[in-house]
Structures are given as structure tokens and as C-alpha cells.
Amino acid sequence: MTHEHEPGSEAEGGPENDRYLPDAGAAPVHATAGESDAAPLPRDEEEGPAAKVLVVQMGHCFRTSGATGTPGEQVFAKAVADACAEELAKPGPPGRELWHLRVIKADEPLEQYAGDAFVAFHCDGSLHQNARGASVGYRDAAGQSLAQAWKHAYERRGWSGGFRDDNYTENLRKYYGTRKAGEVGNRRAFIAECGFLTNQHDKALLTGPGGVDRVVQALFDALGV
């Protein structure tokens, strides 16, 4: 998304870990390997309960006109979705809660939003290059709880760009994705603006080593996965 707000004063920080985007401004967007509209697979009672469904929406993907997002935003959102799929495919410790991932594009039928948690990943942009900070948007207490947990985990994982107020724009507060999720009963729903790609410090955190993993690990921390 793109907003035109004057920035606050935030501390600078640096990236960590290994995963990064070589060129977030120019890389092409491809179909996501983890994308699926399949229902969660049932499990035998001896193996535990059926998997919960995590719905991850890639912000603005794969639009070529209209609201296409800040340059590099679609690439970043796809990379986050791919990393979610990779992480959930790894074997977990005994007793770990089971989750099934459904990755959706920007425009999907309403039923694709059904599940047990929903998050739409975006990056911000502004004509003011000193504007920076991550932010979240949600519609109710269930969404707020998950969004706050993600923010705290995101900071613990190394995000040092600071945060803007929750729901700081109408686009965040009334985001159509969280509305659709709520309409099908997926109330733990929020939108994550992971930082400003138009700010050099935020962009370094987002697209440098560890930037994508930080976003994903914070989500799984928030979900308790």
C-alpha cells in the first residue's frame, strides 16, 4: 500500500539471518508453490485433531492494473508466502499444533478466506522517503489479539524500524481482506504492513538477509506454532 504521512522518529536497525530478496524493486512475480484451495486433511483420532487452516494473502498479487502496490511489494508478499509454506513443511516437535496453509492472491472468492487465522502481508510506500515503520490493521478483538502478538514477536525477531499506530489509515481499518475473513467466520484476521519499501532503512530490514524470515517467524510465534 502507499500512504502519504509524515514519519515519526524511529531507531535504525539492521537485518539478520539468511533469507533476503536480491532485488525487491525489479524481480518478477511468479505463481506461489504453496498456493492451494484444498481443504485441510482429516487426521485419525490417534494422531490428534485435524489441522487448523492458516490463510495467507499476498498483498496485491497478481494484479497488473489498479491497486498494484508499492514497487517491490508483490515480490515481498510472494516471498513471505513461499517462506510460510517452507516452514510449515518442516517436521515439528512432538505435539506441535498442526496447521494447513492456504495461500491466496489479492482477488479470490469469498470461501477462500475461511479458516482459523488470516493475515494479509503488505509493504508500505510514501512519497516522503523518511516515512517508515510497520503497522497492523484489524476489525475486532480477535484480530487485534493476533496482530498485537505478531507485532511483539516481529520486534523480538529483530525489527527495529518501529511501529505506527494500529489502524492508522482507513485502508488498514477497513481492509477488504479482513472483512471477507470475518464474513466466513475467520475472525483472527489482520493485515500486516511490514515496513516502508520507500525508506532505505526499512527496505534494508525487509529485503536484506533475514527480512522475510523475520516476518514469517513472528507470525508463527504469534500463532504458537
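Bear in mind the structure is a predicted one, so any value in this text is a computation, not a measurement. What's counted below: heavy atoms across the whole structure, side chains too, no hydrogens, waters or symmetry copies.
The CG atom of L223 sits 6.0 Å away from atom CG of L54, with the distance rounded to the nearest 0.5 Å. Atom CD of Q112 is separated from atom CZ of F118 by 11.5 Å, given to the nearest 0.5 angstrom. Atom-to-atom distance recorded for N199:CG and D124:CG is 10.5 Å, nearest 0.5 angstrom.
Under the rule for a side chain to side chain donor-acceptor pair (under 3.5 Å), the partners of D166 that lie at least two apart in sequence or sit in another chain are Y138, Q148, K151. Under the ring pair (Phe, Tyr, Trp, His ring centres under 6.0 Å) criterion, Y154 pairs with W150, W159, sequence neighbours left out.
By the 4.0 Å N-to-carboxylate-O rule, K105 lies close enough to E108 to be salt-bridged with it.
When each of F190, F76, F196, Y175 is checked for a ring-ring contact (aromatic ring centres under 6.0 Å, His included) with H122, only Y175 meets the rule.
Contact of the R214 side chain with the V80 side chain is not registered, since no non-hydrogen atoms from C-beta on lie closer than 4.5 Å. You'll find the side chain of F220 reaches within 4.5 Å of the side chain of E87, heavy atoms only. Side-chain contact between T169 and L172: present, with at least one pair of heavy atoms (C-beta onward) separated by less than 4.5 Å. Within the 4.5 Å cutoff, no side-chain heavy atoms of I104 are placed close to those of M58. When side chains are defined from C-beta on, R102 counts as touching V53, because their heavy atoms get closer than 4.5 Å. Q74 has its side chain within reach of T68: a pair of non-hydrogen atoms, C-beta onward, lies under 4.5 Å apart. I191 has its side chain out of reach of V119: every pair of non-hydrogen atoms, C-beta onward, lies at least 4.5 Å apart. Counting heavy atoms from C-beta on, the side chains of S160 and L205 come closer than 4.5 Å.
Across every non-hydrogen atom of L206 and C123, the tightest pair is CD1-SG, 4.2 Å. Annotation for G137 and N167: closest pair CA-OD1, 3.0 Å, computed over non-hydrogen atoms. Contact between N186 and A114 at its shortest, heavy atoms only, is ND2-C, 3.9 Å. In plain terms, the two heavy atoms of G72 and L197 that are nearest each other are C-CD1, 3.6 Å. Of all the heavy atoms in L146 and R188, the pair that sits closest is CD2-O, 3.5 Å. Nearest approach of A81 to L101, heavy atoms of both residues: O-CD2, 4.2 Å.
When atom types are taken as modelled, the side chain of T70 and the backbone of E73 share no donor-acceptor pair closer than 3.5 angstrom. T207 places a side-chain N or O within 3.5 Å of a backbone atom of K203 that can act as its donor or acceptor partner. Remark: the backbone N or O of A189 is not paired with any side-chain donor or acceptor of T178 at under 3.5 angstrom.
Summarising the local packing, CG of D140 is surrounded by more than 12 heavy atoms from other residues, nucleotides or ligands at distances under 6.0 Å. In the displayed structure, Q129 atom CD is contacted under 6.0 Å by at most 12 heavy atoms of other residues, nucleotides or ligands. Surrounding CZ of R139 are more than 12 heavy atoms belonging to other residues, nucleotides or ligands, all under 6.0 Å away.
Contacts classified as salt bridge (Lys or Arg N to Asp or Glu O under 4.0 Å) and involving residues 215-225 (residues at least two apart or in different chains) are given here: R157-D221.
Side-chain atoms of Y113 and Q57 include a donor-acceptor pair closer than 3.5 Å.
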Kindly indicate, with the supporting measurements, whether the criterion salt bridge (charged side-chain N to carboxylate O under 4.0 Å, His left out) is fulfilled by E183 and R179. CA-CA 6 Å; E183 287 177 1; R179 172 179 56 80; 3.0 Å; yes

Could you go through E193 and F121, starting from their C-alpha distance and side-chain angles, then the distance that decides it, and tell me whether this counts as side-chain contact (heavy atoms from CB on, under 4.5 Å)? CA-CA 6 Å; E193 293 278 6; F121 286 110; over 6 Å; no

Between R173 and E170, does a salt bridge (charged side-chain N to carboxylate O under 4.0 Å, His left out) hold up when you go through it step by step? CA-CA 5 Å; R173 186 172 70 85; E170 285 294 291; 2.8 Å; yes

